Asker: 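So that we are looking at the same thing, I have put the structure below in structure tokens.
Just so it is clear: chains get the letters A, B, ... in the order the sequence lines come, proteins before strands, and each one is counted from 1. Owing to the predicted nature of the structure, the values given are computational and were not obtained by experimental measurement.
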Amino acid sequence: VTIPEVMVRMGELAVSRDPAEMLVTIGLGSCIGLALIDRKREIAGLAHVMLPDSGKNAERGSAKFADTAVPALLEAMTAAGSPRSSLEAVLVGGAQMFARKSESVLDIGGRNEEATLAALERARVRVAAVETGGTKGRTIRVHVGQGSVTVREAGGSEFELHAGRFESVGA
Amino acid sequence: VSTHYTDLQLDALRELANIGSGTAATALSSMCGTSIDIDVPRAAALPLVEAIDSCGPADAEVTGVAVEVLGDMDATVLILFTEADSAALCGMLGVEAGTEMGLSALGEIGNVLAASYVGALGSLSGLELEPAPPQVVTDMLGAMVGSVLLATAASDDVALLLDSALTLEGAECSLSFLLVPTSEGVGRLLAGLGVAA
């Protein structure tokens, strides 16, 4: 039996209420994979955030920018039946794969993480786990039914970052 | 899809890429002592997601050499080697792939390719272009290309890719060569060629 994987590509978001499903983003570099999880109701969402700040060309509901992606994902979770109070957030990504000289683009990964955390704080969503920074690309898998998150780094093996509802089982 | 650029401009960029990759191939050919075939380069303005997909599967583990270009035009050159291509190239140069020596050899190949390509671009367009030292990274293709596109193309919805493939004769190895300019950089390049918007 293959588990259905929903691919969430750059600038997209997805919410699932199917416990058998997995939300997946492959190859996060400087981008952030933001998961919102409602363990009790077995609902989960994943946004693939590209850049920290929408600036003036803010497009409501866009998952591209941290400041618009957080409200957009929260809205989609609420619409799926998850009240904000039962959500926990997991952040993965935000690496800096190449050092750069041009000042305008210093550490997009770090700024993505900062902006996402700030938006979550404004929305009063608890952050349960974070796997960010460094120089390696990552793949995130959100297991909707378990409410767990697994991560794989380039050249490494998959590990459990967030245990979800079966916490006693361990990683 | 090319909402930002006219056909004439894309043709001009493709011709530029053609001459740039020809110059780069000549330099690599004398370094490796083998002849090199060049495909007709592609110049495409693609939405970011498609631009990444067009480079290959996101989870493929590849070695990339990134060379940041500074000066009159900001851009990044990214040269991608699959695992098999790294092994073939390193074998040709007599070093072991995956080792520090192997990575440094790929970095040097990237350096030679990028410097000659960018040099040709500069003399054709009249721009002062200065390549930074190469950075060699082995990682997931999607993460690497995505990071370069976002750092260079930033919030533009469309990325301009100049994409060339070089094939080394007898080595069963080809490598893909990307130039990703900032949109401001493309403007200057086009102005230098006399086909500004």
Asker: Identify which part of A/Ile26 has an atom lying under 4.5 Å from any heavy atom of chain B, answering side chain, backbone, both or neither.
Answerer: both

Asker: If you round to the nearest 0.5 Å, how far is CD of A/Glu121 from OG1 of A/Thr116?
Answerer: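 Answer rounded to 0.5 Å: 13.0 Å.
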
Asker: Give, as side chain, backbone, both or neither, the part of B/Pro134 having an atom under 4.5 angstrom from any heavy atom of chain A.
Answerer: neither

Asker: CD1 of B/Ile36 to CE of B/Met31: how many Å apart, nearest 0.5 Å?
Answerer: 10.0 Å

Asker: Return a table of donor-acceptor pairs under 3.5 angstrom between the side chains of residues 127-136 of chain A and protein atoms on other chains or two or more places apart.
Answerer:
residue: A/Thr132; atom: OG1; partner: A/Glu113; partner atom: OE1; Å: 3.2
residue: A/Thr132; atom: OG1; partner: A/Glu113; partner atom: OE2; Å: 3.0
residue: A/Lys136; atom: NZ; partner: B/Thr138; partner atom: O; Å: 3.1

Asker: Under 4.5 Å between side-chain heavy atoms, counting indirect links through other Ile/Leu/Val/Met/Phe/Trp/Tyr residues: same cluster for B/Leu121 and B/Leu124 or not?
Answerer: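 Yes, B/Leu121 connects to B/Leu124 through the hydrophobic network.
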
Asker: Please look at A/Glu153 and chain B and tell me whether the side chain, the backbone, both or neither of the residue comes under 4.5 angstrom of a heavy atom of that chain.
Answerer: backbone

Asker: Of the listed residues (A/Gly29, A/Gly93, A/Ala154), which shares the most heavy-atom pairs with chain B below a 4.5 Å separation?
Answerer: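 Ranked by contacts with chain B, first place is A/Ala154.
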
Asker: Given heavy-atom pairs under 4.5 angstrom as the criterion, report whether the side chain, backbone, both or neither of B/Ile52 touches chain A.
Answerer: side chain

Asker: Run the salt-bridge test on A/Glu12 and A/Lys64 with the 4.0 Å N-O cut-off and return the result as yes or no.
Answerer: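 The answer is no: the pair does not qualify as a salt bridge.
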
Asker: Only one of A/Leu23, A/Thr25, A/Leu36 clears side-chain contact (heavy atoms from CB on, under 4.5 Å) with A/Val142; which?
Answerer: A/Leu23

Asker: At a heavy-atom separation under 4.5 Å, does A/Ala99 approach chain B through its side chain, its backbone, both, or neither?
Answerer: both

Asker: In terms of heavy-atom proximity below 4.5 Å to chain B, should A/Arg152 be classed as side chain, backbone, both, or neither?
Answerer: both

Asker: Non-hydrogen atoms of chain A under 4.5 Å away: do they reach the side chain of B/Glu61, the backbone, both or neither?
Answerer: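 Answer is side chain: those atoms of B/Glu61 sit under 4.5 Å from chain A.
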
Asker: I'd like to know which of B/Asp139, B/Val148, B/Thr76 tops the heavy-atom pair count under 4.5 Å against chain A.
Answerer: B/Asp139

Asker: Under a 4.5 Å heavy-atom cutoff, which of B/Val137, B/Val145, B/Leu141 has the most pairs with chain A?
Answerer: B/Val137

Asker: What distance do A/Leu34 atom CG and A/Ile140 atom CD1 have between them, rounded to the nearest 0.5 Å?
Answerer: 8.0 Å

